[in-house]
Amino acid sequence: MGYTMLGLQLCLALVVLLFAAAFAQSQHGLKIQLSAADGLLNGSTTGRILVLFAPAGVDPLDDIDVATTPYYFYGQDVYDFDTGDTITLSGGSDKRTGYGVWGYPNASLDDLPAGEYSVQAFLNQYENATRSDGSQVSLRFPCGDGQRSVAGPGSLVTLATNVTVSGGAQTIDLTFEAVVPEDPFEGTEIGGCSQGNYPDNELLKHVKIRSEVLSKFWNRNMYVGANILLPSGYDANDTGKRYPVIYSQDHWVGGDPAFSGYYDADLIAEWASGIIPSTDGGADRETPKLILVTFRHEAPYYDDSYTVNTANLGPYGDAINDELISTIDKMFNTIAKPYARIQEGGSTGGWESIANVIFRPDLFGACFSSYPDSLDFHRHQDIPLYDAKNAYTRPNGSKIYSVRGDVNGVLTNLVQVEQENKWELTFGTSSRSGNQWDVWNAVFGAQGLNGYPLEPWDKVTGEIYPEAVEYWKPMDLSNYITTNWNTSKNLGEVLKDRIHVSVGTWDDYFLNEGVSEFQKRVEEKGGPDWANFTYLEGKGHGGLYQGREIWDYLFFLESWVKDHAPDGKTPLHDAVTTSAARGNLWEEVIARGGHQAALVRQAPPKLQSKPGWQGRQVIEGSVGRWDPGVQLEAQWIVDCEAYGTVFPVKQGQVVTLKPERRWGDNVKQVQLAVIGRKRGYKEETRKSGVVRGKL
Ligand SMILES: *[C@@H]1O[C@H](CO)[C@@H](O)[C@H](O)[C@H]1NC(C)=O
Ligand SMILES: *[C@@H]1O[C@H](CO)[C@@H](O)[C@H](O)[C@H]1NC(C)=O
Ligand SMILES: *[C@@H]1O[C@H](CO)[C@@H](O)[C@H](O)[C@H]1NC(C)=O
Ligand SMILES: *[C@@H]1O[C@H](CO)[C@@H](O)[C@H](O)[C@H]1NC(C)=O
Ligand SMILES: *[C@@H]1O[C@H](CO)[C@@H](O)[C@H](O)[C@H]1NC(C)=O
Ligand SMILES: *[C@@H]1O[C@H](CO)[C@@H](O)[C@H](O)[C@H]1NC(C)=O
Ligand SMILES: *[C@@H]1O[C@H](CO)[C@@H](O)[C@H](O)[C@H]1NC(C)=O
Ligand SMILES: CC(=O)N[C@H]1CO[C@H](CO)[C@@H](O)[C@@H]1O
């Protein structure tokens, strides 16, 4: 055998020098220099800087919407920033790694038009965390503000300054002078950061618990809470009189005294009085006797957790469903049975309500889900995620839209997926903007090798990575149901008649598309009566299930509970509330999508020799396995020296080296070095073992 693999015989660190990192820093143009006032910092800090340019005289925080035109803002990650340090922002980011400036609407600082501006900078401070699966991330943790993308509590801030931008070489010096304080909060603090319990009144109660499972995962204290509205006539001591519970899923509601978006102050007054005055001259009615609950689960990555177990956010499903709900059941006179627990909500809450019935049929009876986030990723909003190559642009070159609306009676496309993603990237790299597309990446996908969400497409180019999308399948709710239709979970039987979805055909975010895809796939299995779908013609995003009025809706939900009670018309049988039908189990989620899974999917380059050219041995190499989206370049190394030029390679590509005649019969050592680069990943060089022998 002429060749031996000597994995240990490496050419030391020499090769690293072969890849000189080419960070293109702009030589001229605009520079922003930032430092911190003496005494401000408590030690070095890591986070995201955002520099905002508004028209002169305007508060830079006035308008940072995606559709803004005359406002410009630029972000850059910062590591270990300390008193005495100066950070300089200039140009645009290095395209291959994403380190450097990224701005909106123009990526590079060099593209900021000359003019008069009001300028202000913020530094969103991250906290480092080592999760129980070993992954390490720097993130902003909840602080009672619903994950504000900029200027959240704890951010460093400079004064807003008038600046004339010349369009030529120029340096703007800014100094962080203060820390954004926590939002005003009245109530009983538990665990800090204004997420505590707001003042109770007779019927509105607040519960907050330290979650064991989340705190264990994050290696820090993590909390979840609930706002609980009791019915009029509720008597805590009369434990024989028990009530069904409506769990309304929604965004961060804080301690909103109106309880949540759709119960305004007037409704709360009627609720408290127990009487709904007649509006049509008929008799007054008694309010429905239900307990209404909303959750407070502000999370890393977003203003809420999506109420499921995910590898990026942690076991929020278990924290809310097993820890918090059982606490609520102990504290209040609930009927703690699936038939008397309804999940409902719209949009994010629409997805959460249906997902919780699908994953926890042992806990909840039914869902009434309105205009839910994508139920089926054949349409993720309007992106055909499984079939498309690009999330931003269709094959014919037209743009994929994220937002549309009724403009004078005409359904008009308004904001592109590309604009929103690039806008988000300004607020945070690695899906840390605290915004919508990023939290979907976190909730639906796995962890990347870098600990952050394994993004389904390149945030800059829109190129879709099918291998990353594959990880989304367990959160594709029709895929999950149909693949567990007649497994031991038996979802075809278990979920029948329990799912109700309502959506407008003009949904502002194209969410009716995902509902149709979901309906098509579950009905292929279960027929037209398996679940109930309502499409409201010409209606956009918003409102209650089927466009109902609030009292009508609550009576309707109450009637579902009555019908499915043990003495009702169609009792919910134990067979369909069995714990064997549970899904989204934490151990499975973290095993499939956590840090260990990320490590296992990596492999170093590997060489083998094959008979080839003129009877000599040709060396064939694999470039190894890397995360989806890692861009690769390779370099042959012969006898510890670079051989030939660095050449681009694709994932999965086989590369070959043919020995040269002039090498004669000399003993040669051959090795393959591959360097990987990805936005948000550290550059990494991996080397094959050495193939050694006569060439
Ligand atoms: C330093 O720590 C104090 C006390 O925790 C806090 O109030 C302050 O905001 C911190 N400063 C910075 C710059 O983070
Ligand atoms: C900044 O510019 C605005 C608009 O031109 C002006 O009203 C304001 O007084 C200026 N502020 C300072 C501190 O000069
Ligand atoms: C936090 O993590 C960052 C990397 O994201 C690292 O640069 C920094 O040194 C860490 N800070 C601390 C205090 O460990
Ligand atoms: C900056 O972005 C705007 C909006 O997308 C665009 O119209 C303009 O051409 C860009 N400017 C430069 C210099 O690229
Ligand atoms: C419930 O019982 C406790 C003592 O067991 C008593 O202090 C309280 O006043 C009672 N509450 C009502 C509403 O009757
Ligand atoms: C491109 O394709 C989309 C989707 O198939 C279609 O709706 C659109 O009209 C096409 N646009 C052009 C310019 O052909
Ligand atoms: C599930 O359905 C498939 C196809 O209809 C069938 O082949 C399989 O035996 C069924 N499995 C169970 C557990 O009933
Ligand atoms: C219970 C329920 O939501 N039923 C609805 C089923 O869907 C039809 C429309 O397709 C509605 O009219 C029903 O109200």
Side-chain angles (χ1 to χ4, degrees), residues 26 29-30 34-49 53 63-74 78 80-85 91-93 101-115 117 121-128 138 140-141 143-145 151-158 165 167-168 175-183 185 189 191-194 220 378-379 381-385 387-401 404 411-423 425-426 460 510 513:
S26 120
L30 182 63
L34 288 146
S35 53
D38 284 346
L40 180 70
L41 298 179
N42 298 325
S44 75
T45 186
T46 290
R48 178 90 178 159
I49 287 175
F53 290 81
D63 187 352
I64 45 170
D65 282 352
V66 63
T68 297
T69 31
Y71 292 62
Y72 298 84
F73 37 110
Y74 299 87
V78 57
D80 305 305
F81 175 57
D82 213 339
T83 309
D85 292 346
S93 75
V101 169
W102 180 268
Y104 188 84
N106 304 97
S108 169
L109 258 176
D110 293 338
D111 295 336
L112 178 68
Y117 294 99
F122 293 86
L123 196 163
N124 185 4
Q125 298 195 73
Y126 294 151
E127 181 181 319
N128 288 3
S138 301
R140 180 160 186 270
F141 279 86
C143 199
D145 64 313
S155 297
L156 308 184
V157 57
T158 71
V165 170
T175 307
F176 292 114
E177 315 246 0
V179 180
V180 177
E182 287 183 19
D183 290 348
F185 170 74
E189 189 52 278
C193 243
S194 305
R220 82 195 284 284
H378 287 89
R379 279 285 186 286
Q381 288 206 162
D382 204 25
I383 306 165
L385 193 57
D387 303 322
K389 294 213 162 13
N390 194 287
Y392 301 160
T393 311
R394 298 189 195 281
N396 67 7
S398 69
K399 291 294 177 187
I400 301 177
Y401 277 79
R404 61 181 175 179
L411 190 55
T412 310
N413 285 333
L414 298 172
V415 187
Q416 299 165 5
V417 174
E418 178 172 3
Q419 290 174 301
E420 287 190 340
N421 274 264
K422 292 185 169 178
W423 173 78
L425 186 54
T426 305
V460 174
F510 301 85
E513 300 292 349

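Indexing begins at 1, ligand by ligand and atom by atom, following the structure's order. Side chains included, hydrogens not; waters and symmetry mates left out as well; all remaining heavy atoms used.
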Task: Exercise check, heavy-atom protein proximity under 4.0 Å to atom 2 (O) of ligand 6 - done: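 Yes, because at least one protein heavy atom sits under 4.0 Å from atom 2 (O) of ligand 6.
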
Task: atom 11 (N) of ligand 6 touched by protein (heavy atom, under 4.0 Å) - done: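 Within 4.0 Å: yes, protein heavy atom nearby.
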
- [ ] Measure from the side-chain N and O atoms of W423 to the backbone N and O of A67, and report whether any donor-acceptor pair falls under 3.5 Å.
- [x]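 Such a contact is absent between W423 side chain and A67 backbone.
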
Note, [X] side chain near [Y] side chain (heavy atom, < 4.5 Å):
X    : Y    : answer
K399 : T393 : yes
L123 : I49  : yes
T83  : D38  : yes
L156 : L41  : yes
Y401 : Q381 : no

- [ ] State the atoms of ligand 1, each with its element, that fall below the 4.0 Å cut-off from a heavy-atom position in L40.
- [x]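 It comes down to these atoms of ligand 1: 11 (N), 13 (C).
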
Task: ligand 1 atoms in contact with L156 (distance to a heavy atom under 4.0 Å) - done: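 In order of numbering, the contacting atoms are 13 (C).
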
Open item on the list: Looking at F510, I'd like to know if the NZ or CZ of R404 sits under 6.0 Å from its six-membered ring centre while staying within 45 degrees of the ring's axis.
Closed with: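 Yes - R404 lies over the ring of F510, closer than 6.0 Å to its centre and within 45° of its axis.
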
Task: ligand 1 versus T45: contacting region, heavy-atom distance under 4.0 Å - done: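 None of T45 does.
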
Residue, atom name and distance, where the atom is the protein heavy atom closest to [atom]:
atom                    : result
atom 9 (O) of ligand 1  : V179 CG1, 3.6 Å
atom 8 (C) of ligand 6  : N396 ND2, 3.7 Å
atom 6 (C) of ligand 1  : N42 ND2, 4.2 Å
atom 14 (O) of ligand 1 : Q125 NE2, 2.9 Å

- [ ] For residues F53 and Y117, establish whether the separation of their ring centroids is below 6.0 Å.
- [x]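 Here the rings of Y117 and F53 have centres that are less than 6.0 Å from each other.
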
Open item on the list: Which of the numbered atoms in ligand 4 are under 4.0 angstrom from any heavy atom belonging to N106?
Closed with: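 It comes down to these atoms of ligand 4: 1 (C), 2 (O), 3 (C), 8 (C), 10 (C), 11 (N), 12 (C), 14 (O).
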
Open item on the list: Side chain or backbone, does R394 bring an N or O within less than 3.5 Å of an N or O on ligand 6?
Closed with: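 N/O-N/O distance below 3.5 Å does not exist for this pair.
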
